[in-house]
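Read the structure below first, then the notes.
Chain A is the first sequence line, chain B the second, and so forth, proteins listed ahead of strands; every chain is numbered from 1. Note that the structure is predicted; figures quoted are calculated from it, not measured.
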There are 2 protein chains.
Amino acid sequence: MTGQVRTVDGRVAGRRGQATRQKLLDCLGEMLSSSPYRDVKVIDVARKAGTSPATFYQYFPDVEGAVLEIAEEMAKEGAGLTELVSGRSWVGKAGWQTSEELVEGFLDFWRKHDAILRVVDLGAAEGDKRFYKIRMKILNSVTNSLTDAVKELQSKGKVDKEVNPAAMAGSLVAMLASVAGHQKGFQTWGVKQAELKPNLALLVHLGITGKKPTR
Amino acid sequence: MTGQVRTVDGRVAGRRGQATRQKLLDCLGEMLSSSPYRDVKVIDVARKAGTSPATFYQYFPDVEGAVLEIAEEMAKEGAGLTELVSGRSWVGKAGWQTSEELVEGFLDFWRKHDAILRVVDLGAAEGDKRFYKIRMKILNSVTNSLTDAVKELQSKGKVDKEVNPAAMAGSLVAMLASVAGHQKGFQTWGVKQAELKPNLALLVHLGITGKKPTR
DNA sequence: ACTTGTCCTGTCATGCCGTCAGCTTACCGA
DNA sequence: TCGGTAAGCTGACGGCATGACAGGACAAGT
């Protein structure tokens, strides 16, 4: 578990190498935002980074491998999403605020990383465990917190026993992720951002507490 | 808008041609189920279909083009999903049943076509209008019906005015689609199919009617 | 058998993939 | 200052996918 960055052939990367590596990752990230995943070629990334394909292969086994690196970085940042849920109240007006802020924070995060998250989502759906793990890592931070919230409410008798906390939390998080990924879609649909968020927050509140929020 | 099947170079396809074309589509569908989208190559599809790459290019501009064909076919079948919602009651026990059957039907459909739906989802998320349109076509059948249901309940004063029917319906459908796409994921999570469905149904019921169901 | 139009494939130029040997650059100790 | 050593980069190459074309195989009607 060393933080050592290594090349494919086992060398330790120095300052210069790390810079090149990072530049390649940055360029790959940009490419993913601007062109379909399927059409992202190693040679294009290398060109954009002002280097050669051979250099790319020195640091990553293939495009997928590099994507995983970017995703891993993002996952670290995603751990901060826990803040949106843990230690917050789900009662009364505070509960409604929690819902709103969760939705807001989640959508922001997704919008910020949408290109890479699309690919992670695809990989996970295709059954690739590495991508699946990363998706977990990001979503778990929120899902676990939500699961705990439901469990606690359940123990107080405020939520039906029939509710499965993990399933409920997972479903809500999946909803947020999916809606976030298709935000543009909703716009074409005639639903505006501003209208979407309260409805999502409402659903979250309903799902967690089983009750309508007091605004 | 003729139903005429044409080759890339404008000829009309005859019986034999259509058969080959269909075989290519079938094989492509299988390939998508078994290997990552990014790695599906024309040559593999052609080999699997017992023909040559050149033949493939006679009927489709590229892999993406062929995928669109499959998706279009699926979209037609997807129109039948309307049945799961339209004309159903959302009151009392019948309401709960409606929710359950919607979830059940939706998950089934998604599981049946998961490989191709993954790709459609990706294309739509990447902003490709052609894929987006197809995704709409499938989801609209359900979303519109749900939107109507909410509107009707609203007009009867049974649902808050603040709810935006389209946003609510869209969010719920997005949730169903996303959960369906990651069903395997939930399993690894420790949530079983059987537990997942009732929770989804509960969320749907809560979202549409704003009330807990009577079971 | 002959004609016609559909259908398939051999072949080719082009371009990307992934690897290697070998060159250049940076660092370090003597 | 001067090698020595390891890091860093690239040109070049065999291999494979792409996409275009022209010509041959095939089915159906006459």
Inset, instruction - Inspect the contact between A/E64 and B/R38 and indicate whether a charged nitrogen and a carboxylate oxygen are less than 4.0 angstrom apart. - result: no
Inset, instruction - To the nearest Å, give me how far apart CD (A/Q18) and P (D/dC9) are. - result: 12 Å
Legend entry - Between B/Q22 and B/D26, a side-chain donor and acceptor under 3.5 Å: yes
Legend entry - Candidate nucleotides C/dC27, D/dC9, C/dT9, ranked by approach to the side chain of A/Y59 - the nearest: D/dC9
Inset, instruction - State whether A/T55 places a side-chain N or O below 4.0 Å from either non-bridging phosphate oxygen (OP1 or OP2) of D/dT10. - result: yes
Legend entry - Partner set under ring pair (Phe, Tyr, Trp, His ring centres under 6.0 Å) for B/W110, not counting sequence neighbours: B/F106
Inset, instruction - Would you mind reading off the distance between A/F60 atom CZ and C/dT19 atom C1', rounded to a whole angstrom? - result: 18 Å
Inset, instruction - Report the residue from B/V103, B/V85, B/V173 that forms a side-chain contact (heavy atoms from CB on, under 4.5 Å) with B/V204. - result: B/V103
Legend entry - Between B/Q183 and B/Q187: side-chain donor-acceptor atoms closer than 3.5 Å: no
Inset, instruction - Using whole Å, report how far CG of A/L24 lies from P of D/dG8. - result: 13 Å
Inset, instruction - Identify whether any heavy atom of B/T20 sits under 4.0 Å from a base atom; if not, whether one sits that close to sugar-phosphate; answer base, sugar-phosphate or nothing. - result: sugar-phosphate
Legend entry - Qualifying residue, where the test is side-chain contact (heavy atoms from CB on, under 4.5 Å) with A/I134 and the options are A/D128, A/V67, A/L68: A/L68
Legend entry - Whole angstrom value for the distance that separates C1' of D/dC9 from NZ of A/K23: 14 Å
Inset, instruction - Output yes when at least one side-chain N/O atom of A/T7 is less than 4.0 Å from OP1 or OP2 of D/dA7, else no. - result: no
Inset, instruction - Return the value, rounded to whole Å, for the distance between atom CZ of A/R16 and atom C1' of D/dC9. - result: 7 Å
Inset, instruction - Could you tell me the separation between the CZ atom of B/F56 and the C1' atom of C/dG10, rounded to a whole number of Å? - result: 19 Å
Inset, instruction - Measure the distance from CZ on A/R15 to P on D/dG8 and round it to the nearest whole Å. - result: 10 Å
Legend entry - Annotated protein contacts, base or backbone, on nucleotides 13-20 of chain D with a non-hydrogen cut-off under 4.0 Å, one of B, S, - each: ----SSBB
Legend entry - All ring pair (Phe, Tyr, Trp, His ring centres under 6.0 Å) counterparts of A/F109, not counting sequence neighbours: A/H113
